[in-house]
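What follows is a single structure, written as structure tokens, with notes after it.
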Amino acid sequence: MAGFFSKKPTVEQQIRQNDRVLRRQQRDLERDRGSLEKEEKKLEMEIKKAAKQGNKQAATILAKQLVNLRKQKTKSFAAGSKMQAIGHQQKVMHSNMKMAKAMGSTTKTMVEMNKVMDPQKTLQVMQEFEKESTKMGMSEEMINDTLDDILTESGDEEEQDAIVSQVLDEIGIEITDKMVHAPSASKGKIGESSRARVTDSALEEQLAALKDL
């Protein structure tokens with residue numbers, strides 16, 4: 001019953017288990033090659049001994065055994081290399097699985113982000129912002145032009161001269177003939193004239209017109 005309730009090992013656990021198996025098999029192969037090398041040296045000594053004794057038949061049989069033993073040792077090295085390659089391949093596969101998992105998580109995040117973001121709505125907002133920004137710039141330019149037209153009427157210099165003349169006259173300072181013949185400003189407080197009242201009215205009309213844009 002316990003086998004039915006056993007949990008399936010994770011990828012990391014399976015890889016660790018496979019590594020343990022491969023290492024154990026590598027150690028077994030190394031021990032086997034050690035025994036083969038000892039047997040190889042023993043056969044070489046026996047072949048030399050038989051050759052010295054002139055026993056060609058024995059030397060030939062031992063030589064064949066030596067050839068087979070060396071072939072077996074070569075197979076052992078090949079098997080060890082194959083197991084080592086399998087271990088490396090397993091680690092590469094595990095790394096690829098990690099990258100795939102990371103890419104899957106990133107893809108999921110991008111999908112959720114795309115659900116939240118509405119490209120068309122974002123584009124519409126940006127276009128509306130650009131439109132209103134342009135409109136604001138045009139309104140500001142029109143207001144500045146209107147103010148310049150209102151506040152820089154012809155005759156400003158002459159009226160300023162008249163104001164200066166009035167101030168100098170009030171404080172009892174004689175003025176030159178040129179200042180005497182300057183146009184007089186309207187009576188009242190300094191800086192106040194009928195032109196000023198007209199200017200305020202015109203300014204209000206211009207600002208009211210701009211609100212209808």
Side-chain angles (χ1 to χ4, degrees), residues 1-34 36 71-154 156 191 195-213:
M1 293 294 292
F4 291 101
F5 296 98
S6 61
K7 293 182 180 180
K8 184 178 180 180
T10 63
V11 176
E12 288 77 9
Q13 290 174 343
Q14 186 64 51
I15 289 176
R16 286 195 294 269
Q17 182 178 349
N18 293 342
D19 285 338
R20 286 194 295 268
V21 172
L22 290 172
R23 286 195 298 268
R24 184 169 61 251
Q25 292 176 348
Q26 287 279 15
R27 289 193 297 268
D28 291 342
L29 287 173
E30 289 175 359
R31 283 194 297 268
D32 184 57
R33 283 195 298 270
L36 291 174
K71 287 182 179 180
Q72 182 62 29
K73 190 171 69 170
T74 302
K75 291 179 181 179
S76 177
F77 277 113
S81 299
K82 184 65 175 179
M83 290 181 185
Q84 188 175 9
I86 291 173
H88 292 324
Q89 185 177 7
Q90 178 179 251
K91 293 178 181 178
V92 171
M93 291 177 62
H94 186 214
S95 177
N96 289 336
M97 290 176 63
K98 285 184 177 181
M99 286 190 292
K101 184 177 180 181
M103 292 174 66
S105 300
T106 304
T107 302
K108 184 178 180 181
T109 301
M110 289 190 294
V111 169
E112 296 299 326
M113 181 61 74
N114 287 331
K115 289 181 181 179
V116 176
M117 294 182 62
D118 187 349
Q120 294 295 332
K121 186 175 180 180
T122 303
L123 178 61
Q124 183 179 358
V125 171
M126 294 176 66
Q127 291 175 342
E128 189 68 22
F129 174 82
E130 183 178 1
K131 177 182 176 182
E132 294 300 323
S133 179
T134 303
K135 183 177 178 181
M136 180 179 294
M138 294 175 61
S139 300
E140 183 180 2
E141 184 177 355
M142 293 177 65
I143 291 174
N144 290 336
D145 291 343
T146 302
L147 290 174
D148 291 341
D149 292 341
I150 293 174
L151 299 178
T152 57
E153 293 183 355
S154 59
D156 280 353
R195 187 194 66 80
R197 290 191 297 274
V198 173
T199 297
D200 293 340
S201 176
L203 178 59
E204 291 176 0
E205 291 178 2
Q206 292 292 338
L207 293 175
L210 288 173
K211 291 180 179 179
D212 297 332
L213 292 177

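Quick caveat, the model's predicted, so the values are computed rather than measured.
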Which residues share a side-chain hydrogen bond (donor to acceptor under 3.5 Å, both in side chains) with Arg31, sequence neighbours left out: Asp28
Spacing of OG belonging to Ser105 relative to CE belonging to Met110, to within rounding of 0.5 Å: 11.0 Å
Salt bridge (Lys or Arg N to Asp or Glu O under 4.0 Å) partners for Glu112, two or more places apart: Lys115
Asp19 CG to Arg23 CZ distance, which is reported to the nearest 0.5 Å: 5.5 Å
What side-chain donor-acceptor pairs closer than 3.5 Å can you find for residues 95-104, not counting sequence neighbours?
{"from": "Asn96", "atom 1": "ND2", "to": "Val92", "atom 2": "O", "distance (Å)": "3.4"}

For Gln25, all residues meeting side-chain contact (heavy atoms from CB on, under 4.5 Å), sequence neighbours excluded: Val21, Leu22, Met83
Contacts of type side-chain contact (heavy atoms from CB on, under 4.5 Å), residue Glu132, not counting sequence neighbours: Glu128, Lys135
Which donor-acceptor pairs under 3.5 Å do side chains of residues 71-81 form with protein atoms, sequence neighbours excluded?
{"from": "Lys73", "atom 1": "NZ", "to": "Glu40", "atom 2": "OE1", "distance (Å)": "2.6"}
{"from": "Thr74", "atom 1": "OG1", "to": "Arg70", "atom 2": "O", "distance (Å)": "2.9"}
{"from": "Ser76", "atom 1": "OG", "to": "Arg33", "atom 2": "NH1", "distance (Å)": "3.0"}
{"from": "Ser81", "atom 1": "OG", "to": "Phe77", "atom 2": "O", "distance (Å)": "3.0"}

Contacts of Gln14 that satisfy side-chain contact (heavy atoms from CB on, under 4.5 Å) - sequence neighbours left out: Pro9, Gln17, Asn18
Interatomic spacing from NZ in Lys131 to OG1 in Thr134 - rounded to 0.5 Å: 10.0 Å
Any residue meeting side-chain contact (heavy atoms from CB on, under 4.5 Å) with Met93, in chain and number order, not counting sequence neighbours: Gln89
